[in-house]
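Fair warning: this is a prediction, and the values are worked out from it, not measured in the lab.
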Amino acid sequence: MNNADILIGANLSKRFDDLEVVKDVSLIIKEGEFVSLVGKSGCGKTTLLSLLSGLEQPTKGQVILNGKEITGASEEELALFRREHVGFIFQSFNLIPTLSAWENVALPLFPIKMTNEQRQDRALELLNQMEMGHRTEHLPAALSGGEKQRVAIARALINNPKIVFADEPTGNLDSATGDAIMAILSELHKKQGMTMLMVTHALELAKTADRVIRMQDGEVIT
Amino acid sequence: MNYRYIWKEIRHHRHRTLVNVLGIAVGIALFVSINAVSAAYQRAISLPFKNIGADIVVQRAEKRSLDSGQPPASMRGIRLPFSNQILSVQDMEKLRTISGIDAMVASLLLWEFDQGGFKTIMGVDLTAPSLGPIKVKEWLAQGRFPEKTGEAVLETHFAKFHKIKAGDTFTIGGRSFNVVGLLEIKEGSQVAAANIYLPLADAQSLLGGSAGDINIAYLHMKNPAQIDEIKTQISKTLSGVTVTSSDSFLELMGGMSQISSQFSLVVSLVALAGAIFLIIKTMVGNLVERSREIGILKAVGWTSSDIQKQLMGETFMQAIMGGIAGIAAGYLISYLLGYLSIPVATPWELNLTPAFAKIAETSAKTIRLPVSFSAGLTAAALALSLFAGGLASYFMGRRMSKMKPVDILRRL
């Protein structure tokens with residue numbers, strides 16, 4: 001394995017009953033690379049992202065993330081691995097409605113032994129970076145879609161991940177807000193060298209990435 | 001476990017929290033109130049004996065007569081009650097040979113009949129330890145207790161009825177006595193509730209029998225757990241005597257008094273188990289509502305054990321709140337029930353007044369339920385509420401650990 005290969009998916013397949021959603025997909029993402037996975041709705045791109053990020057186990061194949069094979073790992077091992085190495089950005093933001101913006105950002109740190117002040121300092125730093133310093137105490141219900149996604153991005157970065165997986169990060173946003181979010185992601189990649197794998201159905205957005213992988217009917221076509 | 005998160009979940013989901021807290025509170029309130037009221041009944045029944053410091057009373061009833069409810073036409077002057085014939089010196093000596101008896105005191109109960117009605121007169125051994133009718137001297141309302149012959153103390157209602165005050169003289173059996181004090185009979189003390197109390201020697205002199213005549217023996221046990229054993233032993237050693245204890249009151253009473261301490265525990269635990277079952281169903285059901293949150297937590301790196309600790313924290317917090325509310329409600333209900341007076345029927349042999357006097361209230365005294373705070377019951381209730389929380393956490397944990405983040409997030 002090349003040291004620069006942060007994520008390797010080899011011959012990945014995923015079957016749900018009779019339906020094979022991902023068919024023998026292999027791909028490599030290098031450290032610092034911004035890759036977008038594009039395809040029509042239902043082509044298997046979100047399932048592939050789940051396999052590569054350790055949210056789901058493949059029916060066949062192998063995933064090596066940051067030099068560690070995660071296929072066959074237990075749910076607990078995968079959870080710890082995600083906590084240490086992976087960040088997630090979801091289409092529907094997935095914020096906890098009862099927690100404030102900064103608490104949502106600090107959520108992955110809650111099970112880690114550290115003081116609340118340390119968690120808060122780190123969360124506020126990231127929220128300031130996302131230009132959300134004035135909304136830190138607000139609950140998600142009081143935030144706009146774009147603000148919620150900024151909070152979600154900050155949460156994805158709180159554990160200094162090796163790679164960020166973004167599943168349709170602009171899917172629930174209007175085009176202007178979507179562009180602003182894409183600008184943030186792009187800047188993260190360019191300025192901080194963040195490795196990112198983004199799933200999108202919009203080819204225009206996909207082009208923001210260094211490399212575009214197209215999927216169709218569960219297979220990678222380019 | 002993150003306390004900030006626990007508190008926010010509890011505060012934001014008020015309805016959910018309220019349902020869970022109320023569920024626990026209802027179960028705990030039932031547990032506390034059933035046990036507190038049952039304990040109060042047990043205490044109420046034991047009061048007549050407890051108030052005179054005795055565990056067992058020994059008497060000898062008249063052989064040929066049962067108190068039929070009809071006064072013999074010829075009955076006038078001082079006489080022995082039907083249920084309290086003389087206990088002989090031999091009887092007392094035999095009693096002293098029985099092991100397990102810590103202290104023994106004797107008294108002489110007399111009835112005096114005249115045209116105005118009847119009086120109950122208790123001859124009290126002034127030299128005796130604080131056991132038996134001598135205990136009434138602790139209930140003096142005025143004056144003092146007799147110190148020598150020729151002195152008497154009257155029960156306040158009796159004194160008021162006869163318009164007698166402390167310092168007056170009063171005639172008993174044709175003899176004049178100085179009334180040196182008045183006393184109020186404590187609630188539930190009908191075993192010692194005579195109209196007149198005077199020195200034992202005076203009572204013996206009024207009866208006109210032998211110098212050492214007595215007709216009631218009050219016994220205090222070294223170990224109260226041996227009461228039944230010693231009662232049997234007394235009945236075997238002294239033929240024809242009646243041996244009574246607190247259980248004699250229990251046998252006469254129905255309803256709640258029949259609920260023994262063990263039975264009330266079972267009933268309350270069954271009620272609590274029902275409540276716990278409902279709480280677990282509700283809390284585990286809440287997990288479906290919270291599956292999105294659990295999926296998010298798992299996706300961002302919380303392990304099942306992290307989530308379980310968090311849920312456990314919330315559950316225990318609710319269990320403590322429910323437990324405290326339940327304990328408060330349980331005692332409130334119990335104290336409200338304590339305002340009710342319950343009739344405590346007195347066994348015939350312990351009733352100091354003649355049955356034919358037809359004074360119902362003297363034979364069936366009412367007592368307010370002596371409900372009291374019990375640290376043990378409170379601790380048990382709190383422990384049970386925590387147990388309920390622990391049980392709910394266990395089932396929630398089992399259900400939650402089977403949830404896979406991707407299955408949850410895919411549904412969103």
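Within the 4.5 angstrom heavy-atom criterion, only side-chain atoms of A/L139, from C-beta onward, approach chain B. For chain B, the nearby parts of A/S100 are the backbone and the side chain; heavy atoms of each come within less than 4.5 Å. Of the atoms belonging to B/R4, it is side-chain heavy atoms, and not backbone ones, that fall under 4.5 Å from chain A. The parts of A/E76 that come within reach of chain B are both its backbone and its side chain, each placing non-hydrogen atoms under 4.5 angstrom from that chain. Of the atoms belonging to A/D167, not a single heavy atom falls under 4.5 Å from chain B.
Interface remark: of the candidates A/P108, A/A156, A/P111, A/P111 forms the most heavy-atom pairs closer than 4.5 Å to chain B. Interface summary for chain B: among A/N159, A/L95, A/T46, A/L78, the most heavy-atom pairs under 4.5 angstrom belong to A/L95. Counting heavy-atom pairs under 4.5 Å between each of A/R83, A/Q91, A/E75 and chain B puts A/R83 at the top.
Within a 6.0 Å radius of OH in B/Y3, other residues, nucleotides and ligands contribute 12 heavy atoms or fewer. Remark: B/H13 NE2 is packed, more than 12 non-hydrogen atoms of other residues, nucleotides or ligands lying under 6.0 Å away. With a 6.0 Å radius and a threshold of 12 heavy atoms from other residues, nucleotides or ligands, A/K60 has its NZ atom at or below the threshold. The environment of NZ in A/K162 is sparse: at most 12 heavy-atom neighbours from other residues, nucleotides or ligands sit within 6.0 Å. The 12-atom threshold is exceeded at CZ of A/R15, counting heavy atoms of other residues, nucleotides or ligands nearer than 6.0 Å. Environment of NE2 in B/H15: sparse, with no more than 12 heavy atoms of neighbouring residues, nucleotides or ligands closer than 6.0 Å.
Between the CD atom of B/E293 and the CG atom of A/L99 there is a distance of 7.5 Å, given to the nearest 0.5 Å. With rounding to the nearest 0.5 angstrom, the CD1 atom of A/I112 is 10.5 Å from the CH2 atom of B/W302.
In this structure, A/R155 and B/V300 approach most closely via the heavy-atom pair NE-CG1, 3.9 Å. In plain terms, the two heavy atoms of A/T98 and B/E9 that are nearest each other are OG1-OE2, 2.7 Å. Shortest non-hydrogen contact noted between B/A299 and A/F90 is CB-CZ, 3.9 Å.
Using the six-membered ring where Trp is involved, B/Y5 and A/F110 have ring planes that are tilted, between 30° and 60° apart.
With a 4.5 Å cut-off on side-chain heavy atoms, B/R292 and A/N94 count as touching.
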